[in-house]
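Structure first, commentary second.
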There are 2 protein chains.
Amino acid sequence: MATTSDDERDPDLIAVQEGPQAAQELTRPAGLDRERILKAAIDFIDDQGLAALTMRRLGSSLGVEAMALYRYVPGREDLLDGVVDRVVETLFDDQDGDDVFITDHNGWQDYLVRLAHGMRRIALAHPAVFPLIASRPPAAPWVRPPLRSLRLVESFLGTLHDAGFSDPAAVAAYRAYSSFLLGHLLLEVTQIGAQVSLLDQPEGDPEAQERTDLTEYPNLLRTEQLLGQDKSAAEFEESLENLLDRLERVLHEAKNSDGEVGDLA
Amino acid sequence: MATTSDDERDPDLIAVQEGPQAAQELTRPAGLDRERILKAAIDFIDDQGLAALTMRRLGSSLGVEAMALYRYVPGREDLLDGVVDRVVETLFDDQDGDDVFITDHNGWQDYLVRLAHGMRRIALAHPAVFPLIASRPPAAPWVRPPLRSLRLVESFLGTLHDAGFSDPAAVAAYRAYSSFLLGHLLLEVTQIGAQVSLLDQPEGDPEAQERTDLTEYPNLLRTEQLLGQDKSAAEFEESLENLLDRLERVLHEAKNSDGEVGDLA
DNA sequence: ACCTGAACACCGTTCAAGT
DNA sequence: ACCTGAACACCGTTCAAGT
């Protein structure tokens, strides 16, 4: 029974009776598609880490053999690209509409601030995925992580252009902005990863975590507590504001003396 | 003929007769040690890429079975850590002496500039290794890539401290500086990697490299040429100078009104 | 049409065995 | 003392076979 093709209808196609299978998320043994696979891969990376993700384990987390995945995904590399794309796409999803980064802003500064906060939210939501966002080879040579989609770069350049930036200034701003985002966010998620991996291996004492001996390093010793404090959020905001100040300066200098183009790195 | 081992004695221990084995670097089948293995691993990554590095292939590049490596290296992960350490260490090697970054500078600005140039030289010399430098979990949670050694952080903080920076200001400077270095250099080597991988797969036309259709993206289309230009070096210098300006401002503000500590991110 | 079993080539790693 | 062969468990991926 239950002779079904995929088009429409047909309940009880999923007549499961496997008992307590509260594994990940209901793990239905059927109804595979690329979207569901990507979602599963992201969840998997989020809580097991990138290194643990294999085609076989991913299949099993979906209640399926690894070989079944190849009907929807060309291979592991493409799967990882899909993961990156899907995570970056959530920049647009959860705001009001799709155009939130394209037309729906109060000036270019507001646009850059919201874009930065959006990327940071993504990085913190998926700290184990972010290194992938940072290091996968981009679609075009001039696409700079973490601003990985043509659509995003287009909207970035368009916003600055409409605000009066010259093309060279807008491109320079794009480069400076992406460097800032990548540096800050990658370091922030690396720190999260380091803390997690410390908790994972409580080898020996639970408290005295085998602290490296700092007696050789007086400056480290003296500032150890300061070094341990997490000020990522405040530092992010301050660096962002500093960058915006630089860009504003470039824009105004160009407007006043329109002889030469303000360059910045 | 020309049987030469490096120490002394024992010729024809290496009585090879395998014909044209001008593979990597003479591939002597014996005389293994950890240092030689790390060197071989770096060379391997430099010209085959990180993904291609396996214990078996690394062994074979040394004229030895993979299993022989385990006498000198606990495993692949440790090997990669060793690679990172060794590459970062070359910061100190090729200047005059060991203390070039510790005492041998003309003021803290000069120190920061030379350190930045040193790291950039490393990144450009080993673009395929740098992502590893960027993303390996650091020794301590507050060690921020690419400034990966305690010794380096110690000298950084000491230099700024001696120049009059307060401890919080020095730590904030360390964070801002590492973010800057990581963002810039990782993006620069990513770009190099992207160009290489484009050359590797000349699928179809040699010239018309399947350029993505940009008709949907007017701003990309208009700035395409600008986007393609490589200004990494100039941008690096300008961002570095901007950072130094910020730090100078913090230092002087703290000196004038020594009531509060200048914070920066 | 969709999934699986079996197979292939390749991994990292261990260990008894060779020299 | 140092390296190798054989073996183990696990990969990604292909493909004929099942339903």
Side-chain angles (χ1 to χ4, degrees), chain A residues 1-18 21 27-38 40-41 44-45 48-83 132 136, chain B residues 5-16 18 27-38 40-41 44-45 48-83 132 136:
Chain A
M1 293 70 210
T3 69
T4 68
S5 74
D6 62 287
D7 266 69
E8 58 244 279
R9 108 239 47 205
D10 227 301
D12 84 17
L13 175 144
I14 319 175
V16 216
Q17 44 187 26
E18 301 189 13
Q21 42 136 220
T27 50
R28 304 176 296 169
L32 228 46
D33 67 40
R34 183 177 162 96
E35 210 47 36
R36 228 159 74 76
I37 292 174
L38 291 180
F44 193 104
I45 296 172
Q48 312 252 15
L50 177 60
L53 179 72
T54 68
M55 297 300 277
R56 290 170 136 104
R57 292 206 267 241
L58 177 58
S60 126
S61 89
L62 283 160
V64 113
E65 300 298 314
M67 305 77 190
L69 303 178
Y70 286 87
R71 216 152 274 267
Y72 306 95
V73 167
R76 185 174 193 267
E77 290 301 297
D78 174 273
L79 174 74
L80 294 181
D81 283 336
V83 163
L132 223 47
R136 287 255 110 193
Chain B
S5 76
D6 60 291
D7 267 66
E8 56 243 271
R9 112 234 60 182
D10 224 301
D12 83 16
L13 175 145
I14 320 175
V16 216
E18 303 188 12
T27 50
R28 303 175 297 168
L32 229 46
D33 66 40
R34 182 176 162 98
E35 211 46 37
R36 228 160 73 77
I37 292 174
L38 290 181
F44 193 104
I45 297 172
Q48 313 251 16
L50 177 60
L53 179 72
T54 69
M55 298 300 278
R56 290 171 134 105
R57 292 206 267 241
L58 177 58
S60 125
S61 90
L62 283 159
V64 114
E65 300 297 314
M67 305 75 190
L69 304 176
Y70 286 87
R71 215 151 275 267
Y72 307 93
V73 167
R76 186 173 193 268
E77 290 301 296
D78 175 273
L79 174 75
L80 295 181
D81 284 336
V83 163
L132 224 46
R136 287 255 110 194

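Protein chains get the first letters and strands the later ones, always in sequence-line order, with residue 1 at the start of each. Quick caveat, the model's predicted, so the values are computed rather than measured.
Taking all atoms of both residues into account, the shortest heavy-atom contact from Gly75(A) to Tyr70(A) is CA-CE2, 4.0 Å. Between Ile37(B) and Tyr72(B), the closest heavy-atom pair is CD1-CB, 3.7 Å. When every heavy atom of Ala41(B) is checked against every heavy atom of Leu79(B), the shortest pair comes out as CB-CD1, 4.3 Å. Scanning all heavy atoms of the two residues, the minimum distance from Arg57(B) to Ala52(B) falls at NE-O, 2.9 Å. Shortest non-hydrogen contact noted between Arg36(A) and Leu32(A) is NH2-CD1, 4.0 Å.
In this structure, Arg57(B) atom CZ and dT13(C) atom P are separated by 15 Å, rounded to whole Å. As a whole-Å value, the separation of Glu65(A) CD from dC2(C) P is 18 Å. Taking atom CG on Leu62(A) and atom P on dC2(C), their separation rounds to 16 Å, with Å as the unit. Remark: P of dG18(C) and CE of Met67(B) are 17 Å apart, rounded to the nearest angstrom. Regarding Leu58(B), its CG atom lies at a distance of 12 Å from the P atom of dT13(C), rounded to whole Å. In this structure, Arg56(A) places its CZ atom 18 Å from P of dC3(C), rounding to the nearest Å.
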Let me see the working for Asp78(B) and Arg34(B) under side-chain contact (heavy atoms from CB on, under 4.5 Å), right down to the final yes or no. CA-CA 11 Å; Asp78(B) 175 273; Arg34(B) 182 176 162 98; 3.0 Å; yes
Criterion side-chain contact (heavy atoms from CB on, under 4.5 Å) on Leu62(A) and Leu69(A), from CA distance to verdict: CA-CA 10 Å; Leu62(A) 283 160; Leu69(A) 303 178; 4.1 Å; yes
Let me check I have this right: for DNA chain C, each base becomes ., (, ), [, ] or |, based on Watson-Crick or G-U pairs with both distances under 3.5 Å. What is the full string? ||.|||||...|||||.||
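Taken residue by residue, residues 69-82 of chain B places heavy atoms nearer than 4.0 Å to DNA chain D at Arg71(B), Tyr72(B).
Counting any heavy atom pair closer than 4.0 Å across all strands shown, Met55(B) reaches sugar-phosphate atoms only and no base atom.
A 4.5 Å side-chain heavy-atom check between Leu53(B) and Val83(B) finds every atom pair outside the cut-off.
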